[in-house]
Protein chains: 2
Amino acid sequence: MAIVDEMVCFSLYSATRATTRAYTDLLAPWKLTYTQYLVLVILWNEGSQPVRQIGEMLQLDSGTLSPLLRRLESKELIDRQRSETDTRVVNVVLTEPGESLRKELAHIPEQIACGTGLPDIASAQALVSSLHRITDSMQQLPLTDSK
Amino acid sequence: MAIVDEMVCFSLYSATRATTRAYTDLLAPWKLTYTQYLVLVILWNEGSQPVRQIGEMLQLDSGTLSPLLRRLESKELIDRQRSETDTRVVNVVLTEPGESLRKELAHIPEQIACGTGLPDIASAQALVSSLHRITDSMQQLPLTDSK
DNA sequence: TAGATTTAAGTTGCGCACAATTGAATTGCG
DNA sequence: CGCAATTCAATTGTGCGCAACTTAAATCTA
């Protein structure tokens, strides 16, 4: 293997940047980034969530999320409400404009669907499960620090 | 489709970050990033290249490459030599330490190979071609700006 | 050949990704 | 109960990715 695997990683890297650019273009009229969009998708689908939950779903830490949420807040798409039962926790809540953005952005999944160029659902699902396997197995790398 | 496709993009995004983290861990003893490693791989395999060529191969512009090359230069792994025939062009050349790093990092592709968890070359190649298709088709998105 | 266009590399600025640290609050345990 | 350990969010600092712009040089063209 070896060379092929470096190709796997590089083509992953390329494909991700290409899709992120596509989202960037689609989201440009709203000046949203792909990651900001992902947070909104979570809130639309799952309702209000603590920062920690969002971080768990997206595998992002507060170092990424805190400033990102600040930006969404300054766009008035979300509110941050400190929990009363546990004041360490900050709950992220959609504002009314954030809620109504859902319909406005409803066209995006479809556009991305075309963008992938995948022929059918089956091949998309096959790809997804293949990618999940890589993600899992990469996360379990032993780190046999070899120097 | 729609939801599945957002899943394709998100699992791409996750898999890429997982592999990048794996490279980061493997490269930590040398304090190199994945992108810096990619530049070195190009130089090892293709020899000295102008910045523009490297950018074409990695699909990165000078806004990313210039500071990255500066860092590789300050580590004394590369030299930047302005072309004599066309003084706009800067040729990136491996130094002796940069050259010899090749053997020192020869274990990495294998480690990554294990990390992917892919069963055989055939499935790796299938994945790569699937990813290439996505990259190409994403890059050709019409951008029918819909607002 | 002179001037316009194009090209190469660099710079600036912004946002994400992530490691490391901080500070405050809660939980667990003796 | 009281203190140590843990948890949550935020902050700081570094590097990448990319858009927009700058500068200098080469090329094209009238």
Side-chain angles (χ1 to χ4, degrees), chain A residues 10 13-25 27-28 30-39 49-56 58-75 78 80-92 135 138-139 143, chain B residues 10 13-25 27-28 30-39 49-56 58-75 78 80-92 135 138-139 143:
Chain A
F10 181 67
Y13 168 73
S14 298
T16 297
R17 287 196 295 132
T19 62
T20 303
R21 261 170 287 178
Y23 273 104
T24 300
D25 293 339
L27 292 167
W30 295 269
K31 293 201 201 301
L32 289 170
T33 66
Y34 177 51
T35 315
Q36 288 168 11
Y37 172 75
L38 288 177
V39 169
Q49 298 287 325
V51 174
R52 203 192 130 283
Q53 285 291 326
I54 295 174
E56 216 159 271
L58 300 181
Q59 293 279 55
L60 293 170
D61 66 9
S62 65
T64 301
L65 285 176
S66 287
L68 185 151
L69 293 171
R70 187 182 13 259
R71 281 173 215 118
L72 287 179
E73 194 172 32
S74 76
K75 286 181 207 287
I78 62 164
R80 285 200 273 190
Q81 300 173 349
R82 198 159 280 274
S83 165
E84 293 185 5
T85 58
D86 183 343
T87 65
R88 292 171 303 181
V89 174
V90 168
N91 283 109
V92 181
T135 305
M138 280 290 173
Q139 281 170 353
L143 311 183
Chain B
F10 181 66
Y13 167 72
S14 298
T16 298
R17 287 197 293 132
T19 62
T20 303
R21 261 169 282 171
Y23 273 104
T24 301
D25 292 339
L27 292 168
W30 296 270
K31 294 201 200 301
L32 289 170
T33 66
Y34 176 52
T35 315
Q36 289 167 9
Y37 172 75
L38 288 177
V39 170
Q49 297 288 324
V51 174
R52 202 191 131 283
Q53 285 291 326
I54 295 174
E56 217 158 272
L58 300 181
Q59 292 279 55
L60 292 171
D61 66 9
S62 66
T64 301
L65 283 176
S66 288
L68 185 152
L69 293 171
R70 185 177 22 255
R71 283 174 212 117
L72 286 179
E73 194 172 31
S74 75
K75 286 181 207 289
I78 63 164
R80 286 200 271 192
Q81 300 174 350
R82 198 158 281 275
S83 165
E84 292 185 5
T85 58
D86 183 344
T87 65
R88 292 171 304 180
V89 173
V90 168
N91 283 109
V92 181
T135 304
M138 280 290 173
Q139 280 171 352
L143 310 183

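So that the names make sense, note that chain A is the first sequence line, chain B the second, and so on, each numbered from 1. When reading the values below, keep in mind they use all heavy atoms of this one structure, side chains included, and skip hydrogens, waters and symmetry mates.
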**Request:** Please say which of A:L68, A:V51, A:L60 ends up in a side-chain contact (heavy atoms from CB on, under 4.5 Å) with A:V39.
**Result:** A:L68
**Message:** With a 4.0 Å limit, can you tell me whether A:R70 has a side-chain N or O closer than that to the phosphate oxygens OP1/OP2 of D:dA10?
**Reply:** no
**Asked** Any side-chain N or O of A:R88 under 4.0 Å from OP1/OP2 of D:dA9?
**Response** no
**Prompt:** Does a side chain donor of either A:T35 or A:T33 reach within less than 3.5 Å of an acceptor in the other side chain?
**Reply:** no
**Asked** Taking OP1 and OP2 of C:dA17, is either one under 4.0 Å from a side-chain nitrogen or oxygen of A:T35?
**Response** yes
**Item:** Contact under 4.0 Å: B:R21 side-chain N or O vs C:dA17 OP1/OP2
**Value:** no
**Prompt:** OP1 or OP2 of C:dC18 sitting under 4.0 Å from any side-chain N/O of B:R17?
**Reply:** yes
**Message:** Any base atoms under 4.0 Å from B:D61, or only sugar-phosphate, or nothing? Heavy atoms, all strands.
**Reply:** base
**Message:** Can you measure A:Q49 atom CD to D:dC8 atom P for me and round it to whole angstrom units?
**Reply:** 14 Å
**Prompt:** Which sits closer to the 5' end of DNA chain D, B:L60 or A:R80, going by the nucleotide each is nearest to?
**Reply:** A:R80
**Nearest-angstrom distance from the residue atom CG of B:L58 to P of C:dA9** = 14 Å
**Prompt:** From D:dA25, D:dA9, C:dA9, pick the nucleotide closest to the side chain of B:V51?
**Reply:** C:dA9
**Request:** Give the rounded distance in Å between these two atoms: NZ of B:K31 and C1' of C:dC18.
**Result:** 15 Å
**Prompt:** Starting at CG of B:L65 and ending at P of C:dA9, how long is that distance when rounded to a whole Å?
**Reply:** 9 Å
**Request:** List for me each residue that meets ring-ring contact (aromatic ring centres under 6.0 Å, His included) alongside A:Y37, sequence neighbours excluded, and say none if there are none.
**Result:** A:Y23
**Message:** Below the 4.0 Å mark, does D:dC8 have OP1 or OP2 next to a side-chain nitrogen or oxygen of A:T87?
**Reply:** no
**Asked** For B:S62 and A:R82, take the nucleotide of DNA chain D holding the closest heavy atom to each; which residue's nucleotide lies nearer the 5' end?
**Response** A:R82
**Message:** Need to verify one output field. Residue with the more 5' nearest nucleotide on DNA chain C, A:Q36 or A:D86?
**Reply:** A:Q36
**Complete:** Sorted by chain and number, sequence neighbours left out, salt bridge (Lys or Arg N to Asp or Glu O under 4.0 Å) with A:R70 holds for none
**Request:** For B:K75 and D:dG15, give me the distance from atom NZ to atom P, rounded to whole Å.
**Result:** 7 Å
**Asked** From A:R21 CZ over to B:M138 CE, what is the distance, rounded to the nearest 0.5 angstrom?
**Response** 11.0 Å
**Message:** Between P on C:dA17 and OH on A:Y34, what's the gap in Å once rounded to a whole number?
**Reply:** 10 Å
**Prompt:** Rounded to the Å, how far apart are A:I54 CD1 and D:dA9 P?
**Reply:** 9 Å
**Asked** Rounding to a whole Å, what distance do you find between A:L69:CG and C:dG15:P?
**Response** 14 Å
